[in-house]
Each structure stands twice: as C-alpha cells, then as structure tokens.
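Note that the structure is predicted; figures quoted are calculated from it, not measured. Reminder, nothing fancy here: chain letters follow the sequence lines and each chain counts from 1.
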Amino acid sequence: MFPFRIPLRDWIADGVDLLIERYGVLFDGFSAVVFFMVDGLKDLFMMGHPLILMGVFVALTIWMAGWKAALLAALGLLLTENIGLWPAFVETLALVLTAEVLVVVVGIPLGILAAGSDRVDTLLRPVLDFMQTMPAFVYLIPAVMFFGLGLVPGVMATFVFAIPPLVRLTNLGIRQVPQDLIEAADAFGATRTQKLLKVQIPTALPTIMAGVNQSIMLGLSMVVIAAMIGAGGLGEDVLRGIQRIQIGQGFEAGLAVVILAVILDRITAGFGERRGPPPGTA
Amino acid sequence: MSQIVAEGLYKIFGPRPERAFDLLDEGVSKDEIQARTGLVVGVQDASFTVSEGETFVVMGLSGSGKSTLLRLLNRLLEPTRGSVQVAGVEVTDLGSRDLIQFRRDHFGGMVFQKFAILPNRNVLDNVAFGLELQGVEKGQREEKARAIIDLVGLAGHEASYPRQLSGGMQQRVGLARALVVEAEILLMDEAFSALDPLIRHHMQDELLGLQERLQRTIVFVTHDLDEAFRVGDRIAIMNEGAVVQTGTAEDIVLNPANDYVRSFVRNMDRTQVFRARTVMESPPGEADGQTAAGTGATVSLDATLAQVIRQAAEHPGPVAVRDDEGELVGIIRRDRILEAMDRDFSPLAADIEGAAAQVSTVD
C-alpha cells in the first residue's frame with residue numbers, strides 16, 4: 001500500500017543501543033543493586049528452617065485475614081515443601097517482593113504527582129495504558145538488552161508490568177479524598193506536606209493498598225514469562241514442564257504459584273480493609 | 001475592638017473575573033451576568049465588622065454566597081477584590097507561608113457542615129489535629145485535647161473512631177477540634193445543619209454555654225433563621241451574594257431593610273426575639289409604676305417577650321422592668337404584649353435605645 005516502510009523497528013533498536021552506549025554504567029549499577037536485593041532476600045528466607053518462614057507467613061495471614069485463611073495457607077506451604085518446590089518458591093517470592101518494592105517506591109510518588117496535577121495525569125495516562133496493554137513478552141527484549149539474562153531483567157519486566165495499577169489507584173485514592181477534609185486541613189494551617197502525610201495519604205490508604213494488592217497479583221502473573229529469560233524460581237519449573245511435556249511437574253509448579261498468590265492476596269487485601277472504611281463511607 | 005473588618009469583598013468564579021465588575025456596576029443581576037459571561041458571582045460588595053467576643057451570624061438561603069463569604073475570611077477562597085483585616089492585619093496581603101501561620105494563630109480552625117473529621121483517626125487524635133499541625137509535642141497536645149473533649153461532653157469516647165459515633169457526637173469532635181487550638185476566631189459553616197432538630201437545638205444551647213465561658217469571636221454561617229436569631233449577637237442577611245442587612249435580631253424584625261428581609265422574618269417567633277427594653281413603656285407613669293411594683297411581676301431589660309408573657313400570666317397587672325441595679329425603668333401592660341405580637345408593631349422611637357443607629361443596610 002505504501003511505497004515505503006516506516007523504520008519503527010530500527011528506531012527502537014537504535015534508541016535502545018544509544019541508551020546502553022550512553023548510560024550503560026548506570027544500568028550496570030542499578031542491575032547490581034537489584035541483584036543484591038533479590039539475592040539478599042533469598043538468602044535471608046533460606047537461612048533458617050523452612051518452618052520459620054512458613055510460621056511468619058501463617059502469623060501474617062492470621063493477623064490480616066483470620067484463622068481460616070491461615071489454615072489454608074499453612075496447608076499450601078507444607079504441600080510446597082513436600083513436593084520439593086520450597087527453594088523455587090522462596091526464589092519467586094524474593095523476585096516478586098523486590099519488584100514490588102520498586103513498584104511501591106516509584107508507583108506511589110507517581111500516583112501522588114498525578115493526583116496533584118491534571119497535566120501529569122494526562123501525560124501519564126496513555127503511558128500506563130501502553131504499559132498495561134503491551135504484551136508482556138515484549139518487555140523481555142529490552143529488559144535483556146539493558147540488564148542481560150537472569151534475575152534482574154526478570155524483576156524489571158515484572159516491575160514495568162505491575163506498576164500501572166498502583167499508580168492509577170494511588171491517583172484515584174488521593175483524588176477521592178473528600179474536599180471538606182482538604183478544606184479542614186487548610187483551615188487549621190496545614191502545609192502541603194502535612195496535608196499529604198496526615199490527611200491525603202492516610203485517607204486514601206485503603207485504595208492505595210488495593211493498588212499494592214493488584215500490582216502483586218500482576219507481578220505473580222509475570223513469574224512464568226520472566227523465567228524465559230532465566231529469572232528462575234517456580235516459573236522455571238513450569239517452563240520445564242511445558243518443554244518436556246511433563247504435565248504433572250508443570251502442574252505442581254503452577255499450583256505453588258497459585259498458593260503464593262493466594263497468601264499474598266489475603267495478606268495485602270486484609271491490610272487495606274483493616275485500615276478504616278473505604279473512602280466515602282465515613 | 002473590631003476583630004474582623006471586611007470591606008468591599010467580592011468573589012467571582014470563572015476565568016478573567018474582572019469582566020463581571022463593570023456589569024455589576026451597571027446593576028446587571030447575578031443570573032444575567034452568568035448567562036452573558038459564564039461568570040458566577042459568589043459574593044458581591046460585602047462589608048461588615050465583627051467585634052471581639054461577638055457571635056456574628058451570616059444567614060442566607062443556599063446559593064446566597066454565605067459559605068463563600070466565610071471562606072474569604074481565612075482565604076480558603078481568594079477574594080477577587082476587597083479587603084479582610086483580622087486583628088489589624090490585612091489578610092489578603094499575606095504570602096502563602098505567612099497565611100498558614102496566620103491561620104494557625106488567629107483562626108481557630110473551622111467547623112464544617114459535614115463534620116470533616118478524619119475517618120482513620122480516633123476522637124483524641126482528631127481533636128489534637130490542629131495542635132499536631134502546629135508541632136505541639138504529643139503529651140501536651142493530648143492533655144489539651146482531653147480537657148476539651150471533657151468540655152464538649154465526649155469524655156470516655158477518646159478511643160472511638162468517627163464511624164462509631166452519631167452525627168451529633170461527630171460534630172462535637174469537630175467543635176472540640178476547633179476549640180482546642182485556642183485561637184480567637186472560630187469559623188462555623190452550617191455547623192449544626194446536618195443534625196436532627198432536637199440535637200441541633202441542644203448543640204446550639206451548648207455553643208451558647210461554651211461561648212459564655214470562652215468568649216471567642218465566632219462567625220457562624222447558617223440557612224436557618226431561628227438558629228441565626230438564637231446564637232447570633234448580630235446577624236448579616238445575605239441574598240444573591242450581597243449582604244442585605246446587618247443588625248441584631250430585633251433590629252431586623254422591627255426594621256427590615258427590604259421586602260426580601262421582611263418576607264424572611266415575617267413568621268419569626270417574636271416572643272423569642274423581642275426584649276423587654278423594646279416593648280416596655282418608659283419611663284413608667286407614676287401610678288402605673290406603683291401598681292407594677294406592687295404586683296411582683298418583674299423582668300430584666302434583656303428578658304425576652306416570652307419571659308414577660310410568663311410573668312404576666314402569673315401576676316395580674318403590668319410587669320415591671322428593672323435594670324441591673326433593680327431600678328424601675330419601665331412597665332409592660334398586657335395590651336402592649338398583644339401589640340408586640342402584631343406584625344405591624346413598631347415601638348416608639350424613644351423606646352429603643354439607639355436601635356435605629358445600629359441598623360446598617362445595604363440594599
């Protein structure tokens with residue numbers, strides 16, 4: 001139809017090359033930090049007897065979601081250990097938690113910025129749409145180019161995929177803080193920072209926590225995909241099951257991912273609910 | 001001393017608000033301006049003064065600009081034009097940092113119609129909010145907060161969360177939060193309007209009781225005329241963004257500035273508005289004075305007509321009016337009481353000491 005073809009692929013490839021050429025050192029440094037985090041967490045979790053970490057999980061679940069959920073969590077964790085997937089489980093946990101830390105550190109401030117400025121919101125919206133709708137596999141390519149193979153690009157791909165809901169829900173939560181609460185803060189002589197820390201964030205916290213919950217769930221859905229670039233963990237076992245058509249093995253690993261997802265979901269969802277009513281009901 | 005002096009305050013909502021001024025000068029109505037320019041006139045040319053320790057009520061129907069006017073005082077809304085002086089400081093000249101400090105020092109926060117207390121904080125932390133913003137150390141601010149919580153009758157609820165409290169109790173939290181910062185001015189925006197009538201009445205009584213002790217300067221916004229007359233020392237009536245009349249309840253009922261105010265106050269309960277000093281015949285004739293003194297029916301100068309009626313019902317003959325020294329200054333006959341209940345009643349000019357002088361009208 002056209003006598004020419006827009007060299008989109010060349011532009012993107014050139015752009016990535018340019019970034020690596022210019023800022024390669026930065027990427028390496030960042031890569032080292034992320035690797036240190038994941039590895040450190042993994043070592044920490046593997047340090048004691050598995051029952052210790054399981055105990056922590058169960059305690060958190062009791063606190064946040066009650067006895068029934070905790071009982072289910074305990075059974076799931078013991079099953080994971082029994083079928084020999086505990087090390088992979090812990091590795092995946094470390095990867096997801098690291099990605100989530102980055103998501104929170106970047107996502108919440110971005111959400112706050114977007115809530116404070118309609119211009120930022122308008123700019124950010126299509127970027128977030130893009131990040132969420134782009135097939136997740138596509139992130140693997142630049143992730144590998146910037147960070148090589150292994151854990152770190154896995155974390156970064158997960159980060160990109162998981163950050164949009166937190167930014168969106170933080171933005172929404174803060175925008176939904178009732179106007180009269182903002183007026184009250186102003187009338188009592190609150191500075192901008194005080195208003196943010198003492199009124200807006202605490203009031204929006206249930207919504208923000210829903211965002212954290214959503215981003216963890218999305219992060220877990222990246223586990224298998226990230227394993228394709230050597231991120232390890234449970235995803236690797238699932239992949240191996242697919243490649244060798246070992247239905248049983250693949251299913252076991254998949255089940256372990258589900259167990260992790262359910263536990264993290266219960267804990268984070270419970271946290272959002274515990275901290276007061278959702279906005280608008282009070 | 002005048003605590004608040006507002007002069008020629010305007011608030012016009014919309015882009016390039018200056019466009020409205022010429023039209024306003026030409027006498028174009030608020031609706032017409034909105035139709036022509038899209039600008040909304042919130043407040044136009046409002047001027048008034050509030051004295052120290054006075055409860056000044058701004059009364060008007062919804063859309064009359066009363067809540068907007070209140071927000072111009074502490075600049076929750078920026079005045080488009082005009083001046084607000086509080087304790088001699090021109091508030092409209094303050095930079096943003098100074099404004100925050102000024103709000104902390106002079107405006108004892110604000111009490112809101114929808115309470116606006118923080119859902120995630122318990123009563124104690126909500127009440128201590130203003131002090132927390134000022135950086136008051138935790139032990140000290142909680143001590144002060146507990147004292148005020150006692151004062152508003154919430155003792156024992158310190159650890160409760162707003163959602164566990166009734167509307168009336170939530171508004172006590174709102175009131176306590178504003179009282180605790182100990183600034184001289186208290187702004188109240190339809191503070192009791194969301195409450196049930198019975199609780200509203202009760203809260204009005206409590207406010208009057210607290211005010212007797214605390215003597216804050218209160219600017220109280222309401223759409224309820226009865227409430228305005230009950231709590232207000234003086235009342236400003238607003239219509240279409242303008243202050244139509246300012247005066248005491250009696251001034252307004254006796255000398256309504258225009259038909260709008262007249263229609264408003266027509267159905268007022270006069271027995272609660274009129275004072276003995278307004279209704280009495282003064283000085284009393286020799287013979288009447290002796291009869292009145294003999295019957296034992298006595299009221300003070302500031303007694304309401306309702307109190308006069310109660311006295312008259314219990315004792316035959318006229319009611320004696322005595323000043324603070326117990327001196328007989330006037331009498332009220334039964335026919336006079338009935339006259340006062342009539343809508344066209346107006347006391348003899350000599351009867352109202354300077355009442356006419358206090359009435360300032362902007363029409």
Exercise for review: Could you go through the side-chain contact (heavy atoms from CB on, under 4.5 Å) check for A/T203 and B/L118 one step at a time?
Suggested key: CA-CA 7 Å; A/T203 311; B/L118 297 166; 4.2 Å; yes

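- Taking chain A as the reference chain and counting heavy-atom pairs below 4.5 Å, the highest number among B/L76, B/N74, B/I117 is found for B/L76.
- Side-chain contact between B/N120 and A/P206 is absent, with no heavy-atom pair separated by less than 4.5 Å.
- Contacts of residues 172-187 of chain B with chain A at a heavy-atom distance below 4.5 Å involve B/R177, B/A178, B/V181, listed in sequence order.
- Taking a 6.0 Å sphere around CZ of A/R175, one finds it holds more than 12 heavy atoms contributed by other residues, nucleotides or ligands.
- Within residues 183-200 of chain A, the residues having any heavy atom closer than 4.5 Å to a heavy atom of chain B are A/E183, A/A184, A/A185, A/D186, A/A187, A/F188, A/G189, A/A190, A/T191, A/Q194, A/K198, A/V199, listed by residue number.
- Neither the backbone nor the side chain of B/F102 comes within contact range of chain A; no heavy atom of the residue lies under 4.5 Å from a heavy atom of that chain.
- Listed options B/E132, B/Q134, B/Q101, B/R75 were ranked by heavy-atom pairs under 4.5 angstrom with chain A; first place goes to B/E132.
- For B/E143, the CD atom is loosely surrounded, since the number of other residues' heavy atoms within 6.0 Å does not exceed 12.
- For a residue to count as touching a neighbouring chain, one of its non-hydrogen atoms must lie under 4.5 Å from one of that chain's; by this rule B/R97 does not touch chain A.
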